[in-house]
**Q** 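Please see the structure below; I have some questions.
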Amino acid sequence: MTERNKSADSAEKRAAGIAASRAVEPGMVVGLGTGSTVAYAIRELGRRVREEGLEILGVVTSYQSEMLAIEAGIPLTTLAQHPELDIAIDGADQIDSNLYAIKGGGAAHTREKIVSISAKRFLVVADESKTSLQLDKAVPVEVLPFAKELVTKKIRNLGGKPELRLALRKDGPVITDNGNFILDSSFCVINDPESLALKLSTIPGVIEHGIFSNVDELYIGKKDGSVEIVKK
Ligand SMILES: O=C(CO)[C@H](O)[C@H](O)COP(=O)(O)O
């Protein structure tokens, strides 16, 4: 488990991850998200592959999910080979009552968005602390390093406060799996996530932002081990 999520309550995350993994059926091509919550789903799918002969193919969203899926024994494929997935499962940093989500705490949101939008059904797994009436966490924005100053200015013009994400065990910025920077951009309460998402997407140099509007089902793990499922 990484620094950013090692203090989180793993019982709630485990309950959500395992419950969502049950939606995966034999023969499916499955998008495998990134982070500590979806890791429980990936490990459980691996167990079913090894112990029950479940036949699935996984499409990973990061080096982290690739390493975990390989360790768990899930056979992998690519979007080039399987452009349409049956289902994708992933975590979130915050999710509101309309199932708009902020993702990218692990700097993997660009591939996560591509994979989840390629799926017929997108399930998000989270503990209760991630749910909120409205989104107010900083939005991770993956930026081409060449465009950092321009994107910083444009985000400020939209009322945001962009901060370059710095690495913990490396000097300088976090470099994403795609070789880019992350600007964590606070907009306080986001009243209209669709509108902000569109505005961020049109800034030249923005690779992808962490506002997701394609969540179909939310699995919320509770302290008592139960899981609430919210559908769109
Ligand atoms: O978007 C993500 C990575 O970019 C993660 O899914 C998100 O940060 C949630 O992670 P965790 O389940 O560890 O809290």
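Only this structure's heavy atoms are used, side chains among them; waters, hydrogens and symmetry mates stay out. Both counts, for ligands and for their atoms, begin at 1 and track the order of listing.
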**Q** Is a salt bridge present between Asp177 and Arg111, judged by a nitrogen-to-oxygen distance below 4.0 Å?
**A** no

**Q** Side-chain contact test, heavy atoms from C-beta onward, threshold under 4.5 Å: evaluate it for Val139 versus Ile190 and give yes or no.
**A**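 Contact flag for Val139/Ile190 side chains = yes.
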
**Q** With a distance cut-off below 6.0 Å to the six-membered ring centre and an angular limit of 45° from the axis, does Lys148 pair with Phe181 as a cation-pi contact?
**A** no

**Q** Identify, by atom number and element, the atoms of ligand 1 in contact range of Gly106, meaning under 4.0 Å from any of its heavy atoms.
**A**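 Near Gly106, the atoms of ligand 1 are 3 (C), 4 (O), 8 (O).
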
**Q** Determine the minimum heavy-atom distance between Arg165 and Gly104, stating which atoms define it.
**A** NH2-O, 3.0 Å

**Q** Can a salt bridge be assigned to the pair Lys223 and Glu128 using a cut-off of 4.0 Å between side-chain N and carboxylate O?
**A** no

**Q** Any heavy atom of Gly33 sitting closer than 4.0 Å to ligand 1?
**A**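 Checking ligand 1 against Gly33, which is what was asked, there is no heavy-atom contact under 4.0 Å.
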
**Q** Flag Gly104 as yes when one of its N or O atoms lies below 3.5 Å from any N or O atom of ligand 1, and as no otherwise.
**A**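 Right, the criterion is met.
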
**Q** Using a 4.0 Å heavy-atom threshold (strictly under), name the region of Ala126 that reaches ligand 1: side chain, backbone, both or neither.
**A** neither

**Q** Just jot down the ligand 1 atoms closer than 4.0 angstrom to any heavy atom of Glu112, in number order.
**A** 1 (O), 2 (C), 3 (C), 4 (O), 6 (O)

**Q** Are any of the side-chain nitrogens in Asp86 or Lys120 under 4.0 Å away from the carboxylate oxygens of its partner?
**A**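 Salt bridge: yes.
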
**Q** Given Thr110, which partner from the list Glu208, Lys103, Glu142 fulfils the side-chain hydrogen bond (donor to acceptor under 3.5 Å, both in side chains) test?
**A** Glu142

**Q** Of all the atoms in ligand 1, which lie at a distance below 4.0 Å from a heavy atom belonging to Asp93?
**A**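 Close to Asp93: 1 (O), 7 (C), 8 (O), 9 (C).
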
**Q** List every atom of ligand 1 that sits less than 4.0 Å from any heavy atom of Thr37, numbering the atoms from 1 in the order shown and giving each element.
**A** 11 (P), 12 (O)

**Q** Below 3.5 angstrom, do we get any N/O pair linking Gly35 and ligand 1?
**A**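 There is no such contact.
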
**Q** For Val38 and Gly91, work out which heavy atoms get closest and say how close.
**A** CB-N, 4.1 Å

**Q** Quick one: look at Asp90 and ligand 1, take heavy-atom pairs under 4.0 Å, and tell me if it's side chain, backbone, both or neither.
**A** side chain

**Q** Identify which of Ser65, Ser36, Gly91 has a heavy atom lying nearest to atom 13 (O) of ligand 1.
**A** Ser36

**Q** Please state which option from Ala101, Ala39, Ala108, Pro140 has its nearest heavy atom closest to atom 4 (O) of ligand 1.
**A** Ala108

**Q** Which ligand 1 atoms are under 4.0 Å away from a heavy-atom of Ala107?
**A**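 Near Ala107, meaning under 4.0 Å from one of its heavy atoms, ligand 1 has 4 (O).
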
